[in-house]
Structure formats: C-alpha cells, structure tokens
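Just so we're on the same page: letters track the sequence lines, and every chain starts at 1. All of these numbers come straight from a predicted model, not from anything done at the bench.
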Amino acid sequence: MTLARRSSGFLKPLSTACSSSFLHRRPYSTDDTTTITVETSVPFTGHNCEPPSRSVDTNPKELMTFFTDMALMRRMEIAADSLYKSKLIRGFCHLYDGQEAVSIGMEAAITKKDCIITAYRDHCLFLGRGGTLLESFAELMGRTAGCSNGKGGSMHFYKKEACFYGGHGIVGAQVPLGCGLAFAQKYRKEGHVTFTMYGDGAANQGQLFEALNMAALWDLPAILVCENNHYGMGTAEWRAAKSPAYYKRGDYVPGLKVDGMDAFAVKQACKFAKEHVLKNGPIILEMDTYRYHGHSMSDPGSTYRTRDEISGVRQERDPIERIRKLILAHDLATEKELKDIEKQARKEVDEAIVKAKESPMPDEPELFTNVYRKGFGVESFGADRKELRTTLP
Amino acid sequence: MASIFQGVGAATSLSSSTSIDTKKFHFCSRRSRSERKASFVVVRSGGAKVENRIGGRAEQLVTNAVAAKADTPTAATVSKPGHELLLFEALREGLEEEMERDARVCVMGEDVGHYGGSYKVTRGLAEKYGDLRVLDTPIAENSFTGMGIGAAMMGLRPIIEGMNMGFLLLAFNQISNNCGMLHYTSGGQFKIPVVIRGPGGVGRQLGAEHSQRLESYFQSIPGIQMVACSTPYNAKGLMKAAIRSDNPVILFEHVLLYNLKERIPDEEYVLNLEEAEMVRPGEHVTILTYSRMRYHVMQAAKTLVNKGYDPEVIDIRSLKPFDLYTIGNSIKKTHRVLIVEECMRTGGIGASLTAAITENFHDYLDAPIVCLSSQDVPTPYAGTLEEWTVVQPPQIVAAVEQLCR
C-alpha cells in the first residue's frame, strides 16, 4: 500500500508509481498525517484476556486504501464467479466476497515477514499479501502465468516472498502447518508471528486442538484466526458445534471475538494479538464475518439460509459500505470519486482477465517438473573414497 | 540361439540409447520408462565374459547419468580401523553428525528428548542440543507431523519420528497431501526437506496394530522418497542422505534390527538414496529383498549354497524409486527373480516391483517372477502363528529350488 508522494493538502494531483494491481490516484485526499479516530461497530469480547479498546486510529490515506483494495477484491471475486459460470475456471472455486475486511484489516496491522496460512478461500488473502490480479486469474484458469504455474488451482495460491503459505484443500490440515511455521519462527528467534486461519467448520477438527495444545505448551507465536461465517459448507454453526463460541474453545488459550465485517476492528485485534503472542503464546481470534456466495461455486448458498438473511447482512454490515460511509462522513472524497474508484477496479480486473486468457496452458513436460526438488539431488560417496561418487541431476 | 537373440536385443537397445544421450537429461522418471529400458545395459568390470548356466553374452556400456559404474564395490567396504556399534547407535551417529553440521536440523517426536527415544536412537541429544531442537511432542501424530512440515516450509529440516510406523497412519493426510504435494502445487516455491522415520515391521509378538508395514500404503504418494535400512552401515549412510536431501524422505527401520552389531568406517560417508546394495553376487537367481527379510534370505542362501545354487542377493534399500539399474543388471545376468519381502501380498512393495520388472525386463526373464510376501492377515499375537505370517528361510529355499528347475 505504498504511495509515490505524500500530499499535505487536499485534492492535489499525484503521480502514480505503484504496482499494476493498485489504482491510479485520483485527486482525493490521501494525507497520512491527520489522525482520524474511528470507533469499532461493537466492543471486543475477551476470553481470558483484556480486550483492546474500541477506538482505532487511522488516517485518510488508510481509509482510501481500504476502500480501493476492498473494491478490487470484491470485483475479483465477482469476476471469478462469472468466469466459473462460463467454464473458464473449473473444479472448486471458493469465493471470499463479504469477508474482505478480514484480509484488509489484518494486512494493515502486520508486516510482510509475518506469515499467513489459510484454507481454500484464499484469493483475496493472496491479493492482500501482494499477489497480482494476473497471477490470480491465470492460476484460476490453469495457465502458466499463475502463481503456482497453473498446477495448483484455486485452492493452492502461495507467495513465498510475502510469507503467504497458502492455499490448502483439506479442512483443518493447515492449522498444524501454521503451528509449524510459528515453531520455525520461534526456532529462528525472528520476532515475527504467524496468522493461522481456519473456518467455523474446521474449528471442530481434532488436529486444531492438538496443534493448539502444542502451541500453548511451547509458547509459539501462533495466532489462530477463526473466520466464522456461520456456515460450515452447508451446515449452520449451531447444527455442527455444541459450543459456537469459537474464541472460548481454546480454554486455557485466551481468545477475542471481533466483528469481522469491520476492517478497523480486525486491524485493532490483529495488532493486539501480535503484541500478545510475542510475549505470552498463542491466542484465538474469532472474526464474526459472512460470505455472500455459497460455500463454493457448486453451492447456490440459498438452500440452508434465506435470501433475506443474505441481503440483510449486505445492507447492514457490508464492509465496503462501512468504509464508504466513513469516507463520506469525514468528507475525504465525493460519491462520484468513490464510484470512479470502483469503475477503475472493474477495469483493472477486466484487463487482468484478458491478459490471463492470453497466457498459455502449461505443456506436457511441466507435468513432471517440481515433483521432486532438483531431480533427486543428493551427493553421495562411500567411506573408502572421499571424492564424489555420483550426483544425480 | 539364446545368445543371438540377446545380441539383437542389445543392438537395438544401444541404438535407442544413443539417441537418449543427445537429449538433455531432464528428470522425468515416469515418462522415460521406455527410454530407461535401454540404459540398463552395462559393461561388466574389465569387460569379462559372463559364464552362467544359460550362456555367456557380450554386453554394451551405456553412459547415462543414473548411478555409479559397476566396478565400484558396494556394501560395507570396511577399512579395518573402524568402530563397532549397534544399528540404533549408527542411526544416532548419523543424526548427531547432521545436527552438528547444520543448525536447521531438528528432531521431533514422542519421547525423543528427555526419555532418549523409545529405541534409544535420540539418546543424549536433548542434553546436547536443547529442548527446542530435540522436541518432545504430545501424542498427536497428525498435528506434529503437520507442524514438522510447516517448519520445513519455513526452512528448517525436521526429522519426524513416529514411535512406531503404524502410528503414522494418523498423519497420513499430512504426509500425503502436504508433505508430498506442496512442492508441486506451489509451483516449486516451497521445499519440504523432512525425514519421517520410525520402526515398523513384524516384531516379537507385538500384536496386529503394532506390527504394520506402511511402505505399501505410502508408496504411491507422489513427491516422497522411501528408503529402508537394514545394517548399521547403511542405516547411518541413509540417515545422513535423507537429512541432506531436499525432498521428503521416509526412512523405514525395523523393530528387530536395532541391536545388530557391525563395524563401520570412521570416516564420514553418505550413501545414495536411490541405490540398491549388492549383498552377495551370484549367477543363478536374483533375490530382491529389503529390511529384515535380508537376514532371512542370507540364512536361506547358506542352505542354497550347500545345495549347489548360487543366488545373487540384492538389498533394494530404495523402495521409492526402485533402483532398476542394479536390479536390471542382475536380471540380465541371472534371468530369474525371487522377491522376498515382509509387506503384505496385496498391493505391497513386491507387487509394484514385480510390475516394474515385468514392464522393463520381460524379455530377460526365463521364468515368472516369484514374490514371497507376508500373508494378508492382521499379525496374530501367538508366536507360532506370527512365524507363519512372515516368510521363513525354508520357504525361500523351496522357492529358489522351484525357480531354478
């Protein structure tokens, strides 16, 4: 979220020098010196810990960045929906629209050295970590320009340089992996943390509690983030879990319940969690969020919940609307400018899709690359000779 | 007639092999099955003619960068001043040397730290390297295996110990989906240099659940390598090679072999993960085996030698991928194959090996491949029944006699 030049006044035209996935700056306020204090929608609820305060400091630049990035994410997911329906994306496609605030708020609170690992609803998290639209769409369509060279698919987005560890298809299997990342961070004493994300469905997996036990035992810097969108695939949370208070499930591990549709609440919670975890060991954050689409593209999303419920949440709690109202209330941009930003997002997404369609499908030799690391790659020698005996390619 | 036929075969394989040489050698073992068929023709050391019961024939050299040349003696080439130790001590030595060499190597498993390892493989390491590097985990195989894999994604090189291989069934999802596949699905971004090790196999009346042979379940997972050690010499060498390898390696040990004593060299050595070991060169029949069955085969070999047979015994060591180079050379010499394994009959290592040999060396076989494996039953507790479950030396002798008729 870097900007080329800081402007001290309003409505100064700015040069653009950012990456292709961000918008060209329009002349709205992008000052990052004025502090605006925002109240989160609801106070935090803590379990075994003191919840942080409701007031979050922000600035106009951050507000505008939140809006811009969330609009881009929303656009990307809707475009993925139509690509899936036109059979350009196959297999499974799990969409994140409605839950963007979790990704945006988290990114605002952490650095690119902190690790994030999540399950299969990973497109927007990938974007938040610095992935480009081209890489996302190409991967979704199985082209070589994709982030995993087209061999991973929707559920396997990774970005090693930005410490984004994916992208996992099996529910709950990423939680022990996330604790492993935290273990390595502790081993290396680097002072970074890992955000291990899972859903309300995965919260009932045994391996989660096993991993939590180990993380608490060894004080690993792991933050377990439960993105509670209230439906585990097609089953509502009250039908799947005896105790839907996921933030309390850690028992001896402290927890915090956060309104996941409010980007600032998420930001505050992640900041709090990062500080907590580096001193005291793991913490569970439950993000109360909602997904507008079904579980995946093969699920209409309306057989287990009513359309009224979906539109109700959209009207009252939509994360982008919330930011829009804040921007308008603080007079940082006009309605028209915000609409222009959304149009720009749409344009960028369309351009990325065109470019992604041009990218070729991987050819046959690609089938066998990266099964093993550099062939078998072991140098070996016998005790009778110290020289190299064989190196396999 | 046989020699003319063989000559024709050799000529055609030579011509296709030269075309392979000109291609850049890309690693793609699966699709180069037909190409690799040609690469197994080898020259005997000194070009000596091979005398066997069928008839000698000339063989040609093919230069393909797969494994060592045939003139190097394998197995325990012991330089006399070595030191004697037991197999679990050899494993520990290898482990300790690697931990000393690379600070990223760490061990995690149940009872590996303060207790010293249930088979004493990690004894003394926790005192030396600390509790974080030799980590005592709770009894949660699924998650600590996942943890090891996550740590490997971040750059560490963990060695995950299953107290008994059978317990790793609980971690099958992590091993199959995350360990084996992450390098591929991430487009090469992450490497998973883990070593998953533990004792398996049929022990002394341990019961059905603690006598499992998981090599057959893991063998089709793409992206992993499997090796089985059988002597202190190869245990230490394979342990070191597995730790140094950037791929996930599953090292199968055997409960009954931990107390084997052997003299191993003082110098540092690392064995090749994909190479088989020639235990006893011979002429009449190739016996392929691994792990504990090697000792049953060697016992049977004594009887066979007394009866006038000359078996060639190869310890395949590498269960995935098979060292078809060594195996192929042997088959081309003897033309008869007997596989002796401890796996179950259905879907075991022997079954895959039979398929691989038939696919590649069918023309060289004079008799159908005989595969002796354990019975397809849960291992019973009673001692006599347990003995009947696994392959015993008299059965091996009978099979060789049948094969060589």
[Y] backbone acceptor or donor facing [X] side chain under 3.5 Å:
{"X": "A/Y372", "Y": "B/I224", "result": "yes"}
{"X": "B/S143", "Y": "A/P176", "result": "no"}
{"X": "A/Q185", "Y": "B/A151", "result": "no"}

May I ask you to name which of B/P158, B/S186, B/G188 has the most heavy-atom pairs under 4.5 Å with chain A?
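Looking at each of B/P158, B/S186, B/G188 in turn, B/S186 comes out on top.
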Would you mind telling me which of B/D131, B/I149, B/N173 has the largest number of heavy-atom pairs within less than 4.5 Å of chain A?
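Of B/D131, B/I149, B/N173, B/N173 has the most heavy-atom pairs under 4.5 Å with chain A.
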Tell me, yes or no, whether the heavy-atom count around [X] atom [atom1], taken from other residues, nucleotides or ligands under 6.0 Å, exceeds 12.
{"X": "A/K112", "atom1": "NZ", "result": "yes"}
{"X": "B/K128", "atom1": "NZ", "result": "yes"}
{"X": "A/F92", "atom1": "CZ", "result": "no"}

If I measure from the heavy atoms of chain B, does A/I170 come under 4.5 Å with its side chain, its backbone, both, or neither?
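When you check distances to chain B, only side chain atoms of A/I170 fall under 4.5 Å.
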Engaged part of A/L367 at the chain B interface, taking heavy atoms whose separation is under 4.5 Å:
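For A/L367, the contact with chain B is made by backbone and side chain together.
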So which heavy atom on [X] is nearest to which on [Y], and how close?
{"X": "B/M153", "Y": "A/L181", "value": "CB-CD2, 4.3 Å"}
{"X": "B/M147", "Y": "A/C179", "value": "CG-C, 3.6 Å"}
{"X": "B/M154", "Y": "A/C115", "value": "SD-SG, 3.8 Å"}
{"X": "B/P138", "Y": "A/L217", "value": "CG-CD2, 4.3 Å"}
{"X": "B/Q174", "Y": "A/A173", "value": "NE2-O, 3.3 Å"}
{"X": "A/R373", "Y": "B/D246", "value": "CG-CB, 3.5 Å"}

Contact check, side chains of B/T137 and A/W218, non-hydrogen atoms, under 4.5 Å:
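SC-SC contact between B/T137 and A/W218 confirmed.
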For a 4.5 angstrom cut-off between non-hydrogen side-chain atoms, does A/K151 reach B/T185?
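Not touching, per the 4.5 Å side-chain cut-off.
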Given heavy-atom pairs under 4.5 angstrom as the criterion, report whether the side chain, backbone, both or neither of [X] touches chain A.
{"X": "B/L182", "value": "side chain"}
{"X": "B/M181", "value": "neither"}
{"X": "B/A152", "value": "neither"}
{"X": "B/Q189", "value": "both"}

Top contributor to chain B contacts, counting heavy-atom pairs under 4.5 Å, from A/F183, A/Y187, A/F157:
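When all of A/F183, A/Y187, A/F157 are compared, A/Y187 has the most.
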Does the side chain to side chain contact (heavy atoms under 4.5 Å, CB included) test come out yes or no for A/E210 and B/N142, once each step is laid out?
CA-CA 8 Å; A/E210 294 176 16; B/N142 194 359; 3.9 Å; yes
Can you say whether the rings of B/F190 and A/Y158 are parallel (under 30°), tilted (30 to 60°) or perpendicular (over 60°)?
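It falls in the perpendicular class, over 60°.
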A/K189 side, atom NZ; B/L132 side, atom CG - distance, nearest 0.5 Å:
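Here the rounded value is 7.5 Å.
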Within this structure, what is the CG-CZ distance for the pair A/N213 and B/F144, rounded to the nearest 0.5 Å?
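Going from CG on A/N213 over to CZ on B/F144, the span is 12.5 Å.
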